[in-house]
Structures are given as C-alpha cells and as structure tokens.
Amino acid sequence: MEPEHSLDKVRNIGIVAHIDAGKTTTTERILYYTGKIHKVGEVHEGTAVMDWMEQERERGITITSAATTCFWKNHRINIIDTPGHVDFTVEVERTLRVLDGGVIIFCGVEGVEPQSETVWRQANRYHIPRLTFINKMDRVGADFYRVIDSIKQKFELIPLPIQLPIGKEENFRGVVDLVQMKALTWHGDGLEAKILTEEIPSSLKEVASYWHNYLLEKIAENDDECLERFLEKGSLEVREIKREVRKLTLSHRVVPVLCGSALKNKGTQLLLDAIVDYLPSPLDIPPVVGVNPLSGKKEKRYASIEQPFSGLAFKTVTDPYMGRLTYFRVYSGMIKAGQLVYNSTKGRKERMARILEMHANYRKDREEIFAGDIGAAIGPREIDTGDSLGEEKHPLIFEPIKFAEPVISVAIEPKTSLDQDKLASSLSKLTQEDPGFKIRQDEETGQIIISGMGQLHLEVILERLRRDFKVGVDAGKPQIAYKEAIRKKAQAQGQYIHQSGGRGQYGDVWLEIEPRKDAEETFVDKTKGGVIPKEFTSAIKKGIEQAMSNGILGGYPLTDIKVSLLDGSYHPVDSSEFAFKTAASIAFKKACQEADPYLLEPVMKVEVKVPQDFVGGVIGDLTSRRGRIYKMETRDNFRYLSGYVPLAELFGYVTKLRSMTQGRGVPNIEFSHYEEAPSDVAKKIMGRGVIGGQTKNQD
C-alpha cells in the first residue's frame, strides 16, 4: 500500500521556545486553521488541546511534548509541541532528535531569552533547519527590529526577515510580505478575520525596499545564476525567491523570520505557508546513519518505503487506559499493525499490536506507518527511549539520545503498606517514560532517592505518583546531586580470600585508575596470558560500578574515571564471580583514596531580569551566594544579569529575589556544569552524611 501523501509533501516539525513565548497558543491556532479542531483552547483558561495533562492545565505550562498531525495546502504536517521550562528540557532533546525542521518562537517583547538559547543550541546539535516566529507583536514594548538584532548577536545563523510588521503594539494590524512586496493586513476580529492583500503603506516603503534588497542580496551571494538575473533585472520572480530561500534554509545558512500575534489570531496562516515553503521534507534531509551490529560497519538508510524498515523510539508513555505507548519515527521502509519489530539495541523481537496516529492524548488507529512519518504503538513492553528498531535480517543501531544528568534529589517513602506494594512498579514506569528521572536506594538508610532536573520536575513526578498511579508518598526536603572525582593516577590491589570447611572464595585483582577524558573508555582489560579468566571480567566491572556509585568521600557517585585491569590471580576451584566482584570493589576504593579525590557540585546558569533601581542589591545577593556574574546587558529600564551560582546556594532564591525587587525581578535558572567545590564547602557537605543531609526548601 502506498502512503496517502508523497514524501515531498510531508513536514515533521517541532514548536520550541522559552516558557511563555507562545508555543502552545501558536499550535492551537495551527490546529484551528488546518481544521483539526473547531474551537480554540487557551492556555490561560486551561483548555488548550495540546496541554492535556491535568498538571499542565493547572499550571498553565507545557510539561510533556504532545504530537499531532494536520494538513495544509495538500501537505501533511506532523507537529510536536514541546515544553519551554528548563526542568523539562529532556522532552525537547528527544523531540528534536527525530524531527526534520523546527519553528522557534521568540517573544516580541523579551526577545532572545535563556531557554531560547538552549533550544537553539539543541537544534544546532541535530542540524535542524528552522524558521523563527516573533510572537506577541501586539504587546506593549514589542520591537521586531530589536529581536532581529538580538538573534544576530547571539547566534551564528543569519536571521533573514521575510516579513515586517505593520503597526506597533496595540496597532499591529498586518505584515509586509518581503517576497511578494505586498502588504497583508487582517480585517475583522477573531479567528475569522480576513487577510487582504494591499499595497505597502507609504510610511513603510523605504524600509521594506531596504529589507527586500537585503533578501535578494543574500540569495545572490549564494547562487551565481540568481546574481546574474538580479544584476540584469534588479529583482527576481516570487517563485525564484521562495526556491532560493528554501535552499538557504536547508543548508543552514539563514533562518527566515516571520512575525505575528498568535493570541490575536494574526500570522498563523502565513506561518503555515512558510512551513510548507521553506522547511524540509524527509527527502531533503541527509540519510540516517547507523551501525549494523552483525557487521560492525556503518550503513545508511534513505527515506523510502523500498528500503528495509528502520526507526527510532523517542518516547514512552504509560496511558491509564491503553497501557504502554511507544512513540517512534520511521526513517525507512514501513511497519504494519500487528507486525513483529526487531529491537536492534536490545537484540529482541516485539509485536506492534496496534499502530496509532496521535493528537495530544487522542488517538486514531492506522494500518501502517511509512518512511518519514511519526506514530505510536501499543504492545511493546521492552522498547525504551532511544532504542533502534528495524528488521532482524537488516538491523541498524542509531546513535543514542544523550540526556543531562539530574541535579536535585528527594527522599520518599510510601504512606501505607498498600502504597509500598505499588511504589516500585509506579517508579519503574516513570523512569521508562522520563530519561531525566532517576531512582536509587540509599544503602545506608534504605530510603528511596528520586532525582530530577529541578524542583518543578520532582513536584510533577510526585503529583503523578499520587494522581495517576494512586500511590501515597511522603517526600523529604530537596538534596543536591553532588559527585566525586579524582585528580591523579593510582594503583591498588584488592583481594577477597576466604577459606571455610567447604569450598572457599578467591578473587585477586590489580587495578589502575586515572581521570578519564571525554572519548576514552571507562574500563580496559590489560591482562595477558589468562591470569584472570574472561568469564570473571564482567563481575570485576560490576564491582567497580558498584564502588563508583557509592563514592569514598561522602557517598556520592564517582565520575569521569578510567579503570584499567592490570593483573591478578585466580583459584581453579575457589574463584567465583562474587569473589572477583568484591576484590574489584576493594581495589577500586583503595586506589581512589590514593588518587586525590575531590567533591564536585552542580553549578547553575542564572539569568535575572531586574529593574535598574534594584541592580545593586541583586548583584550583592548573587555574590553572597558564591555567584560569578559574567555579563550585564541593559534593555529599556531593565538590566539583564548573567552568572554562575552553585545550586546549593539557590534554595529560597526566588522568594528572596521577589522581596528585593518588589516582585518585578524575573529569574531563569538552568543547569550549566559541575565544578570542584571549595574545600571549606566540601567539608561542610561531607559532614552532613552520605546523601547530603537536608537543606531548606527551594522556592
């Protein structure tokens, strides 16, 4: 069976931006104008279709990415609306991994905000062509040209305006289309307002002519034929301009810039036109590359139903009615409902009992999903985020999705014995859904420790345990996810020799440890001559991993260590996996004590928008929290401060900032990196116990 739409008519796009820039509002308008919905939901009213989770509607923010499909001008557009809050950046990461293009939304008032920079970097990492939509042009303080300048300053890709606003703030009423050199204005109120094509107002003709020529110059710089026609005629035809802007966009030379006001229903249809005109189809992106586990060689897969099936699972969700849903992108070939699929990552088969097309939390059954499309499956139980899917005879493993490590933890315990029974399975389902969420049991206290990307992240997890899984839990206060590392190389011997009346235990290893560089392996077996049989190597690795997870200074996980197995000995009768696991753990701990260990603490990137009158107090407060301010910018009557502050010093910061600035200071806090904790701070931290003790609640 052939797909309904040819691949050149398919667009897989993500809507990404800083929190409150208008992603979900824009997506709701797209769904309305494409006929997918007949009544627009509003984020502020808790009725947005794409914000379907109870917590999303209560908080007025997007927490989980939601997928949908709509149609515009005979094109199939698969859209994923993503969260903007930094605590849920994992959702953006795995979404961008499987998309072909992106729409990055900027607020016309705030411009390039911190999380906007983060999603832009994520799009760069996956080489995603993108459009930008400058939203909220009707708001007081909106300035299209200031946002353009901000994009130029902060990003390498060249912003290429293809529209200019007509009217400012509450008088915003249309745009100048720089491709056609016509004015497009909205007449009437609400969703049914008509777009009329008019001549460009005389007050804008000069600036429109400047930006039109700028557009043509960028095209001419990259195409000799267009340059000749431009020099001959002084202009280019509309179809030529669109074709060349598309080429420039797909080659990552420019980013087309549009503007509008999603809330006031201005600009969405033109954004849909731009998605169709300038963003890539699956045929426009390079073939995906993976490693064939049978041959160990790299292979390519092209977006064609003639190729062997290959895909990537990028998200799993526990649906209270349907069970486990697995979202996947098909890169090549096709897959039918009821078909067995081979999980190349895990080397096992699973059946796709049902295949679905998703619209937020609503679903429609599909008989098959073709190359270039996105779908979800009911049936697989062992397919996790990042697993590569394919055919057993033609397996292919794609590069896994990399996620940031959690930075904050909370100890939890069930309220009743009935909750105790349900807690483990509920937590397991949540970790399968969310790669940024981790659980472990503290060996000394027996407490269950849950870890996430920020306090809001953990609050949502706890709410889901109580609401979705009906598990009663009590939570402790937040704890910092510290780590440990070493400065130098060291060697040590570990022995576990125990003789008893029957069979004894014998394990003997020599290990060398050293700081690990990025590309290096974490474990290398350098033994020769069979001094330790190969069947005990995995046990030695397990012993090292166990010792690394508990650390040696304060019980925090050790990181960035390369371990080499140098030598050892075994007993033909008494040696066992347990003995070598224990011996390896002993050797590792001994070596670490000689390798100058030190404590690492998570450091956050803090950006604060603060009125000029309060700058001194805010800077003083950040400095008192061991903060390092590296940049200050002034825009209008606000100062924008950027700095690095240890996470441990930020508990209660939001409340303090509000009180210092009479509620007008706006912070953005996201994880940046780990760095060595000062010795006096490290002593205090390690004196508080194995999991860091309890600290004041973060606001």
Side-chain angles (χ1 to χ4, degrees), residues 52-59 63-64 87-88 90 315-326 361 378-385 405-482 542 545-551 554-557 578 581-582 585 651 688-698:
W52 57 270
M53 285 177 68
E54 202 172 341
Q55 294 97 318
E56 292 179 313
R57 293 185 168 182
E58 287 176 357
R59 297 172 184 271
I63 291 170
T64 183
D87 281 17
F88 308 105
V90 163
K315 180 173 178 171
T316 61
V317 176
T318 301
D319 187 288
Y321 306 106
M322 309 292 287
R324 200 163 188 256
L325 276 176
T326 302
N361 62 329
I378 297 173
R381 295 186 179 183
E382 302 296 330
I383 295 177
D384 294 317
T385 298
E405 288 293 315
V407 295
I408 192 165
S409 303
V410 164
I412 62 169
E413 57 184 34
K415 288 188 173 181
T416 67
S417 57
L418 184 61
D419 293 323
Q420 173 83 51
D421 296 337
K422 293 193 290 185
L423 182 58
S425 63
S426 301
L427 287 173
S428 175
K429 288 174 182 175
L430 286 169
T431 55
Q432 289 168 2
E433 283 189 31
D434 187 349
F437 173 60
K438 306 289 184 187
I439 58 172
R440 68 181 177 89
Q441 188 161 23
D442 182 69
E443 290 188 355
E444 294 197 7
T445 65
Q447 286 180 307
I448 296 172
I449 311 297
I450 63 171
S451 304
M453 306 306 295
Q455 187 162 357
L456 179 60
H457 186 198
L458 292 183
E459 283 177 10
V460 169
I461 291 287
L462 291 170
E463 281 182 26
R464 289 202 62 197
L465 279 173
R466 293 166 186 144
R467 292 183 183 184
D468 299 353
F469 296 95
K470 305 294 187 281
V471 179
V473 290
D474 290 318
K477 294 178 181 178
Q479 302 154 352
I480 309 299
Y482 294 103
K542 284 179 184 175
E545 287 167 3
Q546 185 176 326
M548 284 185 72
S549 67
N550 294 319
Y556 304 104
F578 174 78
K581 180 180 174 182
T582 307
S585 180
F651 287 92
R688 291 203 301 253
V690 174
I691 58 168
Q694 294 193 344
T695 55
K696 292 180 182 177
N697 241 324
Q698 184 179 9

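For reference, positions follow the sequence shown, starting with 1.
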Can you name the side chain to side chain contact (heavy atoms under 4.5 Å, CB included) partners of [X], sequence neighbours left out?
X: R466; result: L462, V473
X: S585; result: A547, K589
X: T582; result: Y496, F578, I586
X: T431; result: F437, I439

To the closest 0.5 Å, what do you measure between [atom1] ([X]) and [atom2] ([Y])?
X: K315; Y: L325; atom1: NZ; atom2: CG; result: 10.0 Å
X: S426; Y: D468; atom1: OG; atom2: CG; result: 9.5 Å
X: S409; Y: R440; atom1: OG; atom2: CZ; result: 6.5 Å
X: Y556; Y: I480; atom1: OH; atom2: CD1; result: 9.0 Å
X: I383; Y: Q432; atom1: CD1; atom2: CD; result: 12.0 Å

(message) Enumerate the side-chain hydrogen bond (donor to acceptor under 3.5 Å, both in side chains) contacts for residues 415-425, please, sequence neighbours excluded, ordered by first and then second residue.
(response) T416-D419
[X] to [Y] - nearest heavy-atom pair and separation:
X: H457; Y: G436; value: CE1-O, 3.7 Å
X: T316; Y: T385; value: N-OG1, 3.9 Å
X: P478; Y: I408; value: CB-CD1, 3.7 Å

Hey, are the side chains of [X] and [Y] touching, using non-hydrogen atoms and a 4.5 Å cut-off?
X: K429; Y: F469; answer: yes
X: V410; Y: I461; answer: no
X: T326; Y: D384; answer: no
X: L465; Y: L430; answer: yes
X: I448; Y: L427; answer: yes

(request) Indicate yes or no: does R324 engage E433 in a salt bridge with an N to O separation below 4.0 Å. (result)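 No salt bridge links R324 with E433.
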(request) Under the salt bridge (charged side-chain N to carboxylate O under 4.0 Å, His left out) rule, collect the residues that match up with E382, sequence neighbours excluded. (result) R348
